[in-house]
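Structure first, then comments.
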Amino acid sequence: MERRDSTPHYQTFSTEPPQSRGHPRGRSFWKSRGSRNSFAPEPSSQEDDGNHKSENGSLPTRQLIVLAFISLAEQTALNSISPYLPAMAASFPEVDQKRVGLYVGAIASSFAAAQFSTNVFWGRISDRIGRKPVIVVGTFLTALCFFAFGFCRRLWQAIVVQALMGIVNANAGIVSTVLGEITDSSNQSTAFAYLPIVYGIGSIIGPIFGGLMVNVSSGGDILGRFPYLLPNVVAFVILILDLIVCIFFLEESLKDIQDLPPLTSRLRCAFTWLWQFMASSRPSYLRNTHTNYDTDSNSDESEFPSYADACPAIIPDSTSSKISYKEVLIPQIIILLLTYTIFNLSNIAYNSLYPIYLSTPRPIGRDLLPKEIGLSLGFGGAIAIVFQGFFFSPLQTRLGSLWVYRLAFAGFVFSFFAMPFVGRNPHDPKWGIWAELGFTVLVKNIATVGGLTCAMLMITNASPKPNTLGMLNGMAQSLSAGGRAIGPLVSGGLFTLSMGVKKDSEFLSWGVFGAIAVVGTVLSCFLKGANLESRDAGREPLLRDEESGTGQ
């Protein structure tokens, strides 16, 4: 009697099994199926569509617009917290009003400390599964964290939510990696110059709506019970829009992932393989491809691959040798990463001290309202945009990235030491205080955008190999996150300590970080090498170190 076929028909194909390792099976069978496979890869849109690196030096416009929107949405959301964070921390019942600065630093540091512990992980994950999945996951989880942050009514809740936000968010480093992968030496500095402009726009919009949307309602409604909910809901909506743009318009820049079918097809195949592995009438883990279960050759399916076996690889094969840290951590890169850490430490310390200092009553602070602080931050963002849009490229072309980076450190030194003198005389007219404050913020923001742009360019160019860029950017972002974790905590602690100083107390916190900026300035002078410079077509830096030579 002929045995009834018990194996579902979808498991047989009239072709040889693929000769690749692991499950799901590799690309050889995948490509042989062509259009007959319902999971066949979609036609590639990566050729001449303006999304990917071009050979003629033209900018990948569409991809740059998508990256700009991603960065703008995230920076707008993140910058919206700073104007109301001191007031929010002061509203927690367990917070000592004399130590608000310390608790503000603790909340802000929790975000950066979490990033410090996970940025390298996310960078290496993006090297494995692609840049787009990491950005999509990070954006979605960050949006959820913002929504939760609006409901925080205790100090520990705010710290936990900010830490979770830092754990899931590594988008800044991944975006820089994508930007480095879709550009080349002919258009690199032009493309990277756009990113701080976007950050500047975010630094304008974020503080303004963050400061204006606090306490818009009172009484027994939900906004009365949670006065900081509205700006966080707006940030949540912005990030959801960002998520939609990421899903539908962001193209994968990692070359190995580009060779695979779309992510949705790979995930469907992974689910099919998992279902077949566990739940079919004869699960795949019971089959032996070298054994015939039926003497009838017409019913022998074991020599054929299953439908799930025909799926493509979820991720590229890791056949290439692993990259060791020794290949990346050469002396020049170590110095560069160290200065980048100090740069971010100085930047975040200034940004953390700024609202605390201006909102604190005299004589320690300057007794400004949250709306005034938000508007001053918006002015600083506008200055950053103007500088980056009209003056950065000529300056970088004439001096080179390395010298602009050093001048940015010098700008930090000036800003830290000048800040205690802003509005020092309480009898000065209001316009005089605003003029002093505006000039100081102008110098600081120009230093920030110029220095960060040049740092990103030099980190990208310093990568010893193309396949070390993701790891190097992950390390850079982790170290900068470490600086950003220490900055708010130490600055808040120093400001709290300065309240016990009877005379000239405002000089303590600003002076300490001014000295740290001096250290960064000195270390930046040890950076050498033409390989750190990025030249657009026809550009040569005017100032070049004598020892530049050919670089590493």
Side-chain angles (χ1 to χ4, degrees), residues 74-89 100-113 115 162 165-166 172 196 199-208 210-211 340-360 365-366 368 370 372-384 408-409 411-420 422 437-438 440-452 455 480-495 506 509-510 512-514 516-517 520:
E74 184 168 300
Q75 290 301 313
T76 299
L78 293 175
N79 280 288
S80 67
I81 297 177
S82 58
Y84 64 79
L85 188 57
M88 184 180 187
V100 171
L102 179 63
Y103 296 119
V104 169
I107 295 172
S109 293
S110 61
F111 174 84
Q115 279 195 322
Q162 284 293 310
M165 193 183 299
Y199 289 167
I201 296 174
S203 68
I204 294 175
I205 302 174
I208 290 177
Y340 187 60
T341 303
I342 295 176
F343 192 92
N344 281 277
L345 168 64
S346 302
N347 184 41
I348 195 64
Y350 191 100
N351 293 341
S352 299
L353 280 172
Y354 188 86
I356 302 172
Y357 172 70
L358 293 181
S359 62
T360 303
R366 295 299 176 259
L368 296 183
E372 294 175 317
I373 297 173
L375 290 174
S376 67
L377 290 172
F379 167 77
I383 291 297
F409 266 113
F412 272 177
V413 172
F414 169 82
S415 300
F416 275 110
F417 286 119
M419 197 64 189
V422 172
L437 183 63
T440 307
V441 171
L442 181 149
V443 174
K444 186 268 175 185
N445 279 48
I446 288 177
T448 299
V449 296
L452 285 178
S480 69
R484 288 183 282 115
I486 297 173
L489 192 61
V490 175
S491 62
L494 285 173
F495 192 81
E506 62 267 39
S509 53
W510 294 107
V512 168
F513 283 100
I516 293 174

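No hydrogens, no waters, no symmetry mates; every other heavy atom, side chains included, goes into these values. What you see is a predicted model; the values in this text were computed from it and never measured.
Side-chain atoms of Ser509 and Ser491, non-hydrogen and from C-beta on, never get closer than 4.5 Å to each other. Put simply, the side chain of Ile107 does not reach to within 4.5 Å of the side chain of Met88, judged on heavy atoms. Counting only heavy atoms from C-beta outward, the side chains of Asn445 and Phe379 never approach each other to under 4.5 Å. Contact of the Leu452 side chain with the Asn344 side chain is registered, since non-hydrogen atoms from C-beta on lie closer than 4.5 Å. Looking only at side-chain heavy atoms (C-beta outward), Ile373 and Ser359 come within less than 4.5 Å of each other. Considering only heavy atoms from C-beta on, Leu494 comes within 4.5 Å of Phe513 through its side chain.
With Ser352 contributing its side chain and Ala349 its backbone, the two residues share no donor-acceptor pair below 3.5 Å.
Nearest heavy atom pair, residue Gly514 against residue Val413, reads O-CG2, 4.3 Å. What you find for Gly411 and Val443 is that their closest heavy atoms are O-CG1, 3.8 Å. The heavy-atom pair separating Ala89 from Val100 by the smallest distance is CB-CG1, 4.5 Å. Nearest heavy-atom pair, Glu74 versus Ala172, reported as atom, atom and distance to 0.1 Å: OE2-N, 4.1 Å. Contact between Ile342 and Gly520 at its shortest, heavy atoms only, is CG2-CA, 3.9 Å. In plain terms, the two heavy atoms of Ser110 and Gln162 that are nearest each other are OG-CB, 3.2 Å.
Taken to the nearest 0.5 Å, the CG atom of Leu353 stands 10.0 Å off from the CG atom of Leu358. The line from CG of Asn351 to CD1 of Ile356 is 11.0 Å long, rounded to the nearest 0.5 Å. Considering CG of Leu78 and CZ of Phe111, their distance stands at 5.0 Å, rounded to 0.5 Å.
Every residue two or more places apart in sequence or in another chain that forms a side-chain contact (heavy atoms from CB on, under 4.5 Å) with Ile446 is listed here: Ile383, Phe387, Leu442. Considering only residues two or more places apart in sequence or on other chains, Phe412 meets the ring pair (Phe, Tyr, Trp, His ring centres under 6.0 Å) condition with Phe343. For the ring pair (Phe, Tyr, Trp, His ring centres under 6.0 Å) test, residues two or more places apart in sequence or in another chain that qualify with Tyr350 are Phe416, Trp510.
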Q: Could you give me the CA-CA distance, side-chain angles and deciding distance for Tyr354 and Ser376, then say whether side-chain hydrogen bond (donor to acceptor under 3.5 Å, both in side chains) is met?
A: CA-CA 10 Å; Tyr354 188 86; Ser376 67; 2.9 Å; yes
